Protein chains: 2
Amino acid sequence: MAYRILIFEDNTRLRQSLELLLDDEQLFTVSASFPDCDAAAEMVREYDADLVVMDIDMPGIGGIEGVRQIKNAKPEVKVVMHTMFDDDNRIFDSICAGADGYLLKKTSPLQLVSALQEVMSGGVAMSPFVAQKVFQFFRQSNPATPQYNLTPRETVILELLVKGNSYKMIADKSSVTIDTVKKHLQNIYHKLHVSCGTEAVAKALQHKIVKLE
Amino acid sequence: MAYRILIFEDNTRLRQSLELLLDDEQLFTVSASFPDCDAAAEMVREYDADLVVMDIDMPGIGGIEGVRQIKNAKPEVKVVMHTMFDDDNRIFDSICAGADGYLLKKTSPLQLVSALQEVMSGGVAMSPFVAQKVFQFFRQSNPATPQYNLTPRETVILELLVKGNSYKMIADKSSVTIDTVKKHLQNIYHKLHVSCGTEAVAKALQHKIVKLE
DNA sequence: GAGTCAATTACACAATCGGGTAAGGGAGGC
DNA sequence: GCCTCCCTTACCCGATTGTGTAATTGACTC
């Protein structure tokens with residue numbers, strides 16, 4: 001049984017090319033294709049689609065909002081973005097909206113087909129350039145952690161501060177006096193090279209010195 | 001000119017298989033291979049390597065630390081992890097250490113070769129399962145943002161606070177009096193449902209109400 | 001024109017924060 | 001034993017933060 005595909009793509013020529021290309025594969029059947037995704041969620045239900053190929057820049061609601069609606073309506077359907085745009089925001093937003101892949105339009109037909117197969121077997125598909133962007137984002141969101149040499153006690157005190165506790169509350173929860181808390185925080189501020197609590201919280205969260213939850 | 005490859009892999013059979021496989025390709029030359037990566041950075045320099053295939057679980061320093069050292073010594077060399085492990089931490093740490101790819105050992109020889117080619121042409125290589133993990137992490141790190149209805153003015157004030165400015169500094173930079181700043185922050189605290197600056201900073205960063213840099 | 005809301009300032013008061021300084025006890029290393 | 005480092009407490013004092021109340025201006029809406 002072939003996978004049922006829906007295509008959303010406003011460029012008529014490209015849409016037809018995709019139809020021909022994918023329908024030619026044994027593994028796929030193109031159930032329908034549309035020049036916009038205003039009724040994307042309905043169509044996915046209507047055709048009981050397994051896989052959606054989605055352009056981003058379309059009249060009406062864009063492809064990113066389209067993904068969101070589709071995934072809301074039927075989370076198990078796979079959605080792969082297929083677009084010319086390779087800017088951080090579009091990639092980023094698409095993934096967060098629930099896309100299972102992000103392929104640039106310069107992807108060759110052969111690669112496109114194999115990428116879609118990969119998605120259907122539970123994987124995720126990205127053009128190498130997109131993957132690079134994702135890696136970059138990953139790294140910068142988790143920079144190599146500098147060492148601040150906080151003692152265990154200092155770490156828990158800082159954690160309590162980050163969670164919004166006042167000095168007094170920290171003192172109670174740690175079963176020490178408020179003066180001790182002050183002392184610890186004074187040391188912490190020095191080690192983090194900051195001068196007040198708000199700055200310390202910002203640095204602790206950015207550099208993931210403490211973790212929330 | 002073929003790319004010079006170094007292989008770090010403690011399993012002798014597998015190491016030899018990789019040597020044979022990769023050396024057989026026109027595009028690659030295996031310069032050397034090692035059962036541990038204790039001297040990885042030196043070897044990379046010694047052999048002027050272009051590409052490193054790195055196991056993770058090895059005696060001595062592990063592959064993740066190995067990547068870090070290699071990337072420190074020579075950032076332009078490409079490093080691809082090649083391992084059995086698919087747990088979040090190893091994947092995550094490898095990427096942050098600077099890896100350009102993460103392939104599971106069940107990857108077929110053909111896929112391995114083409115993935116390495118992709119890396120050498122500036123891309124990034126991931127097994128589909130790894131890519132999925134990365135996508136998952138991506139999404140959960142950016143949950144759908146709740147609305148706090150901060151006014152534009154309040155937003156910039158909060159940003160300044162998050163960056164570590166005191167009330168007085170915020171007042172100067174915003175060209176208003178300190179009393180105005182107090183008032184704005186009071187309103188902000190109410191809107192965020194917090195009771196002090198540190199809590200506000202924590203919430204602002206967690207919920208990405210403000211962005212750093 | 002009345003009403004709402006963002007932005008602004010002012011003042012007073014209490015609470016908290018942050019620095020400096022000093023000092024004792026306990027754990028571990030040389 | 002001596003030294004270092006962590007944890008602890010205490011006191012003083014100035015600066016900062018946070019709350020309450022009140023009032024003015026301009027913009028935008030009904």
Side-chain angles (χ1 to χ4, degrees), chain A residues 144-212, chain B residues 60-61 145-213:
Chain A
T145 47
Q147 299 297 323
Y148 292 101
N149 294 316
L150 295 188
T151 67
R153 196 61 166 170
E154 284 166 353
T155 307
V156 303
I157 300 264
L158 180 56
E159 258 170 33
L160 287 169
L161 185 74
V162 168
K163 283 173 185 159
N165 295 279
S166 66
Y167 283 23
K168 199 192 298 259
M169 292 161 74
I170 296 175
D172 291 346
K173 292 186 184 177
S174 307
S175 304
V176 294
T177 61
I178 195 170
D179 287 304
T180 309
V181 173
K182 276 193 197 174
K183 190 70 211 163
H184 283 310
L185 284 171
Q186 207 168 18
N187 294 332
I188 292 170
Y189 295 165
H190 281 135
K191 289 186 181 178
L192 299 194
H193 303 110
V194 299
S195 56
C196 66
T198 53
E199 235 181 315
V201 169
K203 197 150 194 173
L205 285 175
Q206 273 187 271
H207 295 5
K208 304 200 193 276
I209 301 169
V210 303
K211 11 183 195 316
L212 273 287
Chain B
I61 69 171
T145 48
Q147 300 295 324
Y148 292 100
N149 294 315
L150 294 188
T151 67
R153 197 60 166 169
E154 284 166 353
T155 306
V156 304
I157 300 263
L158 180 56
E159 260 171 31
L160 287 169
L161 185 74
V162 168
K163 284 174 184 159
N165 295 280
S166 66
Y167 284 21
K168 198 192 298 261
M169 291 161 75
I170 296 175
D172 290 346
K173 292 186 184 176
S174 307
S175 305
V176 295
T177 61
I178 194 169
D179 288 305
T180 308
V181 174
K182 279 189 194 177
K183 189 75 213 158
H184 282 310
L185 283 172
Q186 206 168 20
N187 295 332
I188 291 170
Y189 295 164
H190 282 135
K191 289 187 181 178
L192 299 194
H193 304 108
V194 298
S195 56
C196 65
T198 54
E199 237 182 315
V201 169
K203 198 150 193 171
L205 286 175
Q206 272 187 273
H207 296 5
K208 303 194 194 279
I209 301 168
V210 303
K211 20 187 189 314
L212 274 286
E213 272 94 3

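Sequence lines set the chain letters: A, B, ... in the order given, protein chains first and strands last, and positions in each chain run from 1. Note that the structure is predicted; figures quoted are calculated from it, not measured.
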| field | Atom-to-atom span, CD1 of B:I157 to C1' of D:dT17 - whole angstrom | value | 15 Å
| A:N187 side, atom CG; A:R153 side, atom CZ - distance, nearest 0.5 Å | 13.0 Å
| field | Distance, nearest 0.5 Å, that separates NE2 of B:H190 from CG of B:L185 | value | 12.0 Å
| task | Work out which heavy atom in B:S174 is nearest to a heavy atom in B:L160; give both atom names and the distance. | result | OG-CD1, 3.6 Å
| Between C:dT8, D:dT8, C:dG18, which nucleotide gets closest to the side-chain atoms of A:K182? | C:dG18
| remark: What residues 191-200 of chain A contributes to the DNA chain D interface at heavy-atom separation below 4.0 Å is none
| request: Return the value, rounded to whole Å, for the distance between atom OH of A:Y189 and atom P of C:dG20. | output: 14 Å
| B:D179 and B:K183: side chain to side chain contact (heavy atoms under 4.5 Å, CB included), yes or no, with the steps? | CA-CA 6 Å; B:D179 288 305; B:K183 189 75 213 158; over 6 Å; no
| task | Please report the shortest heavy-atom distance between A:E154 and A:K191, naming the atom on each side. | result | OE1-NZ, 2.8 Å
| DNA chain C: A:H190 or A:S166, which has the more 5' nearest nucleotide? | A:S166
| remark: Rounded to whole Å, the NE2-C1' distance (A:H184 to D:dC6) equals 8 Å
| message | Once rounded to the nearest 0.5 Å, what's the spacing between atom NZ of B:K173 and atom CD1 of B:I157? | response | 12.0 Å
| Atom of B:A200, atom of B:Y189 and distance for their closest heavy-atom approach | CB-CE2, 3.6 Å
Below 3.5 Å is the cut-off: list the nitrogen or oxygen pairs between protein and nucleotides 28-30 of chain C, distance only.
none

| Minimum-distance nucleotide (side-chain atoms of A:P152 versus C:dT16, C:dT8, D:dC7) | D:dC7
| said: Tell me the interatomic distance from A:R153, atom CZ, to D:dC6, atom P, rounded to whole angstroms. | reply: 14 Å
| Taking CD1 from B:I188 and P from C:dT8, how many angstroms apart are they, rounded to a whole number? | 11 Å
| field | Close approaches to DNA chain D from residues 170-181 of chain A, in residue order (heavy atom, under 4.0 Å) | value | A:V176, A:T177, A:D179, A:T180
| field | Nucleotide nearest A:T151 (side chain, heavy atoms from C-beta), chosen from C:dG18, D:dC6, C:dT16 | value | D:dC6
| Set of side-chain hydrogen bond (donor to acceptor under 3.5 Å, both in side chains) partners for A:K182, sequence neighbours left out | none
| field | Rounded distance in Å - CG (B:L150) to P (C:dA6) | value | 11 Å
Protein-nucleotides 23-30 of chain D N/O pairs closer than 3.5 Å?
none

| query | Which of these, B:V156, B:N165, B:L158, sits in a side chain to side chain contact (heavy atoms under 4.5 Å, CB included) with B:I170? | reply | B:N165
| Within the side chain of B:K203, is there an N or O that forms a donor-acceptor pair under 3.5 Å with the backbone of B:L192? | yes
| said: Nearest whole Å is fine: how far is C:dT8 C1' from B:Q186 CD? | reply: 14 Å
| remark: What one should report as the nearest heavy-atom pair of B:G164 and A:C196 is O-SG, 4.3 Å
| request: Please state how far atom OH in A:Y167 lies from atom P in D:dT9, giving the value in whole angstrom units. | output: 16 Å
| note | Output for pair (B:M169 CE, B:D172 CG), nearest 0.5 Å, gives 8.5 Å
| message | Quick check on the helix from C:dG1-D:dC30 to C:dG24-D:dC7: what's the angle between its two end axes, five base pairs per end, to the nearest 10°? | response | 50°
| Distance, nearest 0.5 Å, that separates OG1 of A:T151 from CD1 of A:I188 | 7.0 Å
| note | Shortest non-hydrogen pair, B:V201 vs A:A202, comes out as CG1-N, 3.8 Å
